[in-house]
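Inspection log for the structure reproduced underneath, given as structure tokens.
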Amino acid sequence: VGQSMRPAAELALADRVERVGRKVDLLVREDQFDPRQAAILARKLVKEEVGSDLEVGSMARKEMTVLYSDLRAFTSFTEGLSPEEGLKFFNSYLSRFAPIIRDHGGFVDRYVGDGLLALFPGSATDALRAAEALRLELDVYNGHRSNCAYAPVDFGMGIHRGLVTLALIGEGSHVEAGLFSETVSLSIRLESLTRQLHTCALVSTASLGDFTGVPSRFVGRIRMKGRKTPLEVSELLFERRKTETLQLFNQAVQSFYADSIEDAAAAFATVTAIDPDDKVAALYLKAAYEAKKNPSRTPGSFFLDSAFN
């Protein structure tokens, strides 16, 4: 992305972008700015503070955790609303959920369609705790919507930690700070997988670490488009039935990868009988049945995405 930063400005870009996030947070907390416009304010401050003495093409890399959240079925949900009603709903939604990001040490970098992309400069735990708080708030929000005879809403989340490249891009009078990173792409792809796997939140297993604030389970190794190495993926569990079957599910996964296919199939069948909506267990059960037909398979070479079709 263009030339590297001059030595005199080596720390400027990453530090200033992070400082902008803190500044926006302070203004919102002090009620000096509408939280629904926080992203617009952030970009304005980035231009003023970051672009003052750095050149287009300047860049810096910083390890961060990216959380991407996207509303589900937003198009069909707003189909019967006027543009004004749709905008009112979305701003109301953001005013509830965006502050939770800031409360957990992150800041919203941008709104992407009907989703939001948040950065957490601290530990991955900040993002994981934010994910938990977002789901708790969703229950409260849907309770209010139910009282008003409104349909419930839902969203998925993808979380990944890694290096994020912050760069000044543009030309002439239009310059802004942009993100260039596989970390961002993977968080977005993880969120898209939540729909396919019927899950609330997916996180790369390495980013999950030893976090125990929310029950979690290993989902599997998944090949991501454009990435040579498969990504180990885990799921944060917010559904009661999944937590109830967690021990049995984990035993089934261990049996599957230990090539104890009969035991794995029996356990996964029990899990899916208890929770018919557990798509991940259903995919493993399908793979176990197929493995019975092909005893020469190598368990270590199994990728969960191979069972998608």
Side-chain angles (χ1 to χ4, degrees), residues 67-77 93 97 114-115 128 131-143 145-146 150-159 187-205 208 211-222 224 231-257 261 263-292 302-309:
L67 183 154
Y68 179 70
S69 173
D70 193 52
L71 275 169
R72 290 176 174 164
F74 180 71
T75 302
S76 59
F77 179 81
Y93 164 80
F97 294 97
D114 51 356
L128 296 168
E132 177 185 16
L134 287 167
R135 290 302 303 188
L136 290 173
E137 180 60 26
L138 179 64
D139 291 338
V140 174
Y141 182 52
N142 278 332
R145 290 185 62 80
S146 177
Y150 294 149
V153 299
D154 196 13
F155 56 74
M157 290 180 284
I159 304 168
S187 68
I188 293 174
R189 288 172 186 166
L190 284 170
E191 189 284 324
S192 69
L193 281 173
T194 64
R195 304 163 193 256
Q196 197 163 5
L197 297 178
H198 302 180
T199 60
C200 297
L202 292 177
V203 54
S204 55
T205 303
L208 182 63
F211 177 72
T212 57
V214 176
S216 63
R217 66 184 189 181
F218 176 70
V219 169
R221 294 189 303 153
I222 299 177
M224 298 288 192
L231 186 68
E232 292 195 344
V233 177
S234 293
E235 175 187 1
L236 297 180
L237 303 179
F238 298 103
E239 302 100 320
R240 179 180 55 81
R241 283 192 295 186
K242 283 186 178 179
T243 58
E244 290 175 349
T245 60
L246 177 58
Q247 184 175 357
L248 182 59
F249 176 89
N250 287 340
Q251 291 172 354
V253 170
Q254 290 175 3
S255 296
F256 183 86
Y257 286 103
I261 300 302
D263 292 341
F268 282 127
T270 302
V271 171
T272 56
I274 296 172
D275 184 4
D277 294 327
D278 192 333
K279 179 70 172 180
V280 176
L283 288 173
Y284 270 112
L285 180 59
K286 173 186 174 184
Y289 286 149
E290 291 178 352
K292 288 183 180 182
F302 176 74
F303 303 108
L304 187 62
D305 56 278
S306 64
F308 284 178
N309 297 322

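Owing to the predicted nature of the structure, the values given are computational and were not obtained by experimental measurement.
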- Message: One pair to check against side-chain contact (heavy atoms from CB on, under 4.5 Å): Phe97 and Leu138. What are the steps and the verdict?
- Response: CA-CA 8 Å; Phe97 294 97; Leu138 179 64; 4.2 Å; yes
- Item | Test salt bridge (charged side-chain N to carboxylate O under 4.0 Å, His left out) applied to Glu239 - qualifying residues, sequence neighbours left out | Lys242
- Message: Measuring only between side-chain heavy atoms, which start at C-beta, is His198 closer than 4.5 Å to Asp277?
- Response: no
- Leu304 side, atom CG; Leu231 side, atom CG - distance, nearest 0.5 Å: 12.0 Å
- Message: Using side-chain heavy atoms (C-beta onward) and a distance below 4.5 Å, is Leu208 in contact with Leu236?
- Response: yes
- Approximate separation, where rounding is to 0.5 Å, of Arg241 CZ and Thr245 OG1: 9.0 Å
- Item | Distance-only donor-acceptor check, side chains Ser234 and Ser216, under 3.5 Å | no
- Item | Point-to-point distance, once rounded to the nearest 0.5 Å, from CD of Glu290 to CG of Leu285 | 10.0 Å
- Item | Backbone N/O of Ala307 and side chain of Lys286: donor-acceptor pair under 3.5 Å | yes
- Task: Kindly give the heavy-atom pair with the smallest separation between Phe238 and Cys200, and that separation in Å.
- Result: CD1-CB, 3.8 Å
- Message: Is there a side-chain contact between Arg72 and Thr194 in this structure, where contact means two heavy atoms from C-beta onward sitting under 4.5 Å apart?
- Response: yes
- Can you check whether Phe308 reaches Leu193 side chain to side chain, under 4.5 Å on heavy atoms? yes
- Does the distance from a Lys or Arg side-chain N to an Asp or Glu carboxylate O, for Asp154 and Arg195, drop under 4.0 Å? no
- Query: Do Leu283 and Leu197 have side-chain heavy atoms sitting under 4.5 Å apart?
  - Reply: yes
- Item | Aromatic plane relationship, Phe249 with Tyr284 - under 30° parallel, 30 to 60° tilted, over 60° perpendicular | perpendicular
- Item | Ion pair Arg221/Asp305, N-O distance below 4.0 Å | no
- Message: With rounding to the nearest 0.5 angstrom, report the CG to OG distance, Leu202 to Ser192.
- Response: 9.0 Å
- Ala267 versus Ala252, closest heavy-atom pair with distance: CB-CB, 3.5 Å
- Task: Mind checking the CG-CD1 spacing from Asp70 to Ile188? Nearest 0.5 Å is all I need.
- Result: 9.0 Å
- Item | pair Met157-Val203: side-chain heavy atoms closer than 4.5 Å | no
- Query: Does Ile159 reach the side chain of Leu128, with side-chain heavy atoms less than 4.5 Å apart?
  - Reply: yes
- Note on the structure: Smallest heavy-atom separation, Gly156 atom then Glu191 atom, equals O-CG, 3.4 Å
- Specify the closest pair of heavy atoms between Ser204 and Leu190, including all atoms of both residues, with the distance to one decimal. N-CD1, 3.9 Å
- Message: Could you check whether any side-chain N or O of Ser146 sits under 3.5 Å from a backbone N or O of Asn142, counting only pairs where one atom can act as donor and the other as acceptor?
- Response: no
- Task: For Arg240 and Asp275, run salt bridge (Lys or Arg N to Asp or Glu O under 4.0 Å): C-alpha distance rounded to whole Å, both residues' side-chain angles, the deciding distance at 0.1 Å, then the answer.
- Result: CA-CA 10 Å; Arg240 179 180 55 81; Asp275 184 4; over 6 Å; no
- Query: Do the side chains of Phe218 and Asn250 get nearer than 4.5 Å, heavy atoms only?
  - Reply: no
- Message: Please find the pair of heavy atoms, one from Gly115 and one from Tyr68, that lie closest to each other, and give the distance.
- Response: CA-OH, 4.3 Å
- Any idea which heavy atoms bring Arg135 and Phe155 closest together, and the distance? NH1-O, 3.0 Å
- Here the gap from Tyr257 atom OH to Phe302 atom CZ, rounded to the nearest 0.5 Å, amounts to 5.5 Å
